[in-house]
There are 2 protein chains.
Amino acid sequence: MTESREFLYPSKWLSKASAGDRVSYELRMRIISGQIESGTILSENKLAADFAVSRSPIREALKILASENIIRLERMGAVVIGLSDKEIEEIYDVRLLIESFVFERLVRIDTNELVKELSKILEMMKISIKYGDADEFSYQDVLFHETIIHSVNHSYILMIWNNLKPVMESFILLSMRKRLKDKVEDFTRIISNHELYIEAIRIKDRDLMIKSLHENFDDVQGKVEDLWISQQMLSKGVVQQND
Amino acid sequence: MTESREFLYPSKWLSKASAGDRVSYELRMRIISGQIESGTILSENKLAADFAVSRSPIREALKILASENIIRLERMGAVVIGLSDKEIEEIYDVRLLIESFVFERLVRIDTNELVKELSKILEMMKISIKYGDADEFSYQDVLFHETIIHSVNHSYILMIWNNLKPVMESFILLSMRKRLKDKVEDFTRIISNHELYIEAIRIKDRDLMIKSLHENFDDVQGKVEDLWISQQMLSKGVVQQND
DNA sequence: GTTATAATACTTGTATACAAGTATACTTAG
DNA sequence: CTAAGTATACTTGTATACAAGTATTATAAC
């Protein structure tokens with residue numbers, strides 16, 4: 001019996017979420033953090049007991065995670081895939097792809113409102129750092145990019161984003177929490193990258209946008225390995241899902 | 001009481017599908033064909049009665065359709081969004097985006113096996129036309145592009161494809177069924193476009209690939225309006241989901 | 001000891017039951 | 001006739017029950 005361990009996902013972000021959503025968010029965090037190791041077989045019944053809910057919301061959660069490619073639904077049980085370095089690179093491939101696409105649309109429309117909105121979010125990010133709030137910083141970081149994507153009103157690009165977002169959010173959350181302790185200096189660079197991004201949108205300079213985007217991603221990717229190893233280490237002492 | 005009307009989705013493609021999947025495939029076809037009009041509010045209970053299954057598989061289906069952006073889940077009922085011209089253009093935006101990305105990867109690997117596989121599929125497509133089988137043709141057409149995407153082993157590009165595929169498949173099915181009657185000559189052009197695509201992959205000519213891809217899409221998009229209007233007309237005489 | 005068969009304890013998928021909340025419609029008071 | 005409030009008939013989300021199928025384990029035969 002595995003009981004009452006800490007929840008990894010910020011509970012205040014789940015104020016109006018259904019049980020199924022709660023489970024999906026928490027399970028996703030545990031998988032991406034490595035707390036539930038890749039290869040683990042999850043059983044609906046065990047998860048239901050673990051989260052103290054019925055199988056209905058569990059099934060819902062598993063369907064969601066399967067559509068995000070972090071688990072694989074099989075005949076008997078759900079196999080955890082997780083995020084290896086390969087998958088993380090792939091996620092950034094897709095981000096680069098869709099944000100480039102979005103930028104192409106952006107240069108054709110009025111971006112004054114957007115730039116204002118992004119500046120506001122950037123301010124929020126700075127304050128989050130000031131108060132050492134990694135979770136809030138992550139939230140604003142994700143919101144920053146989401147705001148850009150929303151601005152071009154492309155429902156199928158948005159669909160891709162919506163599928164990618166939860167996994168990315170989880171990954172960024174874990175990454176930022178770690179770096180806030182180990183590498184606070186990273187945050188100033190992230191901020192300046194985002195400032196560059198805003199500037200690229202303002203003056204509609206494609207090359208500058210690509211540059212800032214790449215730097216932003218490279219920055220995150222450069223730190224992946226550290227995070228990864230430490231998360232894996234961290235998870236060794238934790239009771240696993242399957243007995 | 002709406003009863004025993006024809007199923008739009010080929011039943012033989014659902015041999016091993018769960019009730020939830022069956023419902024999702026059929027509902028998708030009815031929405032995309034316009035048989036269920038945009039704006040319609042779907043009720044889980046009514047759908048359950050209509051499809052003679054319980055609410056469980058219905059809920060499953062609605063979740064899927066919502067993730068594909070063709071319905072919107074609200075407090076009371078699911079609102080049908082459907083596919084307008086805008087959405088269809090957006091789908092082709094995304095296809096162009098991901099297939100271009102895939103091609104960039106393709107030019108770096110050995111494509112002999114892929115070209116062989118694609119040639120086989122093309123032969124199948126020709127035979128499908130010969131026997132006037134629009135459904136089989138559609139299947140092979142979708143498979144053609146899926147095969148290309150699979151070949152680069154990119155799980156997150158594949159994720160996008162998997163989200164897009166059902167909607168596209170439905171749309172292509174409806175489109176091809178109509179054109180087989182009205183515009184059989186279209187098919188020879190589609191075939192030659194695909195031949196061009198294979199050639200582009202074989203000689204790894206990016207421009208040729210983009211050209212064939214664009215022509216292929218323009219071809220489909222050019223015919224959208226016709227299909228659209230006729231489908232809308234067609235649906236006028238049909239009993240709707242909501243009484 | 002090995003193999004085959006049978007029993008058991010799992011698995012998922014679907015149906016049904018129930019609870020909490022929301023919109024609608026009706027009734028009653030003014 | 002209008003307005004307010006209540007009752008009713010919906011809605012979703014979750015829990016539970018059941019059926020069909022699969023893997024595993026134990027038992028029995030050789």
Side-chain angles (χ1 to χ4, degrees), chain A residues 1-3 7 9 11 13-28 36 39-68 70-81 166 240-243, chain B residues 1-2 7 9 11 13-28 31 36 39-68 70-81 166 240-243:
Chain A
M1 183 65 69
T2 59
E3 76 293 274
F7 286 114
Y9 195 80
S11 55
W13 295 1
L14 294 172
S15 57
K16 291 220 165 185
S18 67
D21 284 336
R22 284 165 196 278
V23 171
S24 75
Y25 280 103
E26 184 56 27
L27 218 43
R28 189 183 295 112
I36 300 175
T40 306
I41 291 174
L42 301 173
S43 144
E44 291 182 5
N45 286 317
K46 269 195 202 113
L47 287 173
D50 214 35
F51 281 96
V53 294
S54 78
R55 270 181 61 217
S56 306
I58 298 289
R59 281 178 70 78
E60 197 185 311
L62 292 182
K63 285 265 163 65
I64 294 169
L65 300 182
S67 82
E68 292 169 3
I70 61 175
I71 69 171
R72 191 175 57 242
L73 261 33
E74 298 197 343
R75 303 269 177 79
M76 308 288 272
V79 182
V80 173
I81 298 173
Q240 289 301 315
Q241 200 64 25
N242 57 339
D243 322 342
Chain B
M1 184 63 71
T2 58
F7 285 114
Y9 196 81
S11 57
W13 294 2
L14 295 171
S15 58
K16 290 222 165 184
S18 68
D21 284 337
R22 284 165 197 279
V23 171
S24 76
Y25 279 103
E26 184 57 26
L27 220 42
R28 189 183 295 111
I31 290 170
I36 300 176
T40 306
I41 292 174
L42 301 174
S43 145
E44 290 182 6
N45 285 317
K46 269 195 203 113
L47 287 173
D50 213 34
F51 282 95
V53 294
S54 77
R55 271 181 58 217
S56 306
I58 298 289
R59 281 179 71 79
E60 196 185 311
L62 292 183
K63 285 266 163 64
I64 294 170
L65 300 183
S67 83
E68 292 169 3
I70 60 174
I71 69 172
R72 190 175 58 243
L73 261 33
E74 298 198 341
R75 302 271 177 79
M76 307 289 271
V79 183
V80 173
I81 298 174
Q240 290 301 316
Q241 200 65 24
N242 56 338
D243 321 343

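In what follows, chains carry the letters A, B, and so on, assigned in the order in which the sequence lines appear, proteins first and then strands, with residues in each chain numbered from 1. All values derive from a computational prediction rather than experimental measurement. Excluded from the calculations below are hydrogen atoms, water molecules and symmetry mates; all remaining heavy atoms, backbone and side chain alike, are included.
Taking both residues in full, the closest heavy atoms of A:Leu27 and A:Leu62 are given as CD2-CD2, 4.1 Å, listed atom of the first, atom of the second, then distance. Between A:Leu73 and A:Ala78 the shortest heavy-atom distance is CD1-CB, 3.7 Å. Nearest heavy-atom pair across A:Ala17 and A:Arg22 is O-NE, 3.3 Å. For A:Glu60 against A:Ser18, the heavy-atom pair with the smallest separation is OE2-OG, 3.9 Å.
The side chain of B:Ser54 contributes an N or O atom lying less than 4.0 Å from OP1 or OP2 of C:dA15. Between B:Asn45 and the phosphate of D:dT11, there is a side-chain N or O to OP1/OP2 separation shorter than 4.0 Å.
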**OP:** Report the C-alpha separation of B:Ile64 and A:Lys63 in whole Å, then their side-chain angles, then the decisive distance to 0.1 Å, and conclude whether the side chain to side chain contact (heavy atoms under 4.5 Å, CB included) test is met.
**Re:** CA-CA 9 Å; B:Ile64 294 170; A:Lys63 285 265 163 65; 6.0 Å; no

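Mapping A:Met76 and B:Pro57 onto DNA chain C by nearest heavy atom places A:Met76 at the nucleotide closer to the 5' end.
Here the C1' atom of nucleotide C:dT11 and the CZ atom of A:Arg59 are 11 Å apart, to the nearest Å. Put simply, CD on A:Glu74 is 16 Å from C1' on D:dG21, counting in whole angstrom units. The separation between A:Leu42 atom CG and C:dT11 atom P is 11 Å, rounded to whole Å. Taking atom NZ of A:Lys63 as the reference point, atom C1' of C:dT14 lies 11 Å away to the nearest angstrom. Spacing between atom CG of B:Leu47 and atom C1' of C:dA15 amounts to 16 Å, rounded to whole angstrom units. Rounded to an integer number of Å, the gap from CD of A:Glu60 to C1' of D:dT14 is 10 Å. One interatomic measurement links the two molecules: NZ of B:Lys46 to C1' of D:dT12, which rounds to 15 Å at whole-angstrom precision. For the pair B:Leu62 CG and D:dT12 P, the interatomic distance rounds to 8 Å; values are reported in whole Å.
In the set C:dT11, C:dA17, D:dA17, the nucleotide with an atom closest to the side chain of A:Ser43 is C:dT11. Of the candidates D:dT16, C:dT12, C:dT14, D:dT16 carries the atom nearest the A:Ser56 side chain, counting heavy atoms from C-beta on. The B:Val53 side chain lies nearest to C:dA15 when the options are C:dA15, D:dA17, D:dG13.
Contact annotation for B:Arg75: backbone-only contact, meaning every heavy-atom pair under 4.0 Å involves sugar-phosphate atoms and none involves a base.
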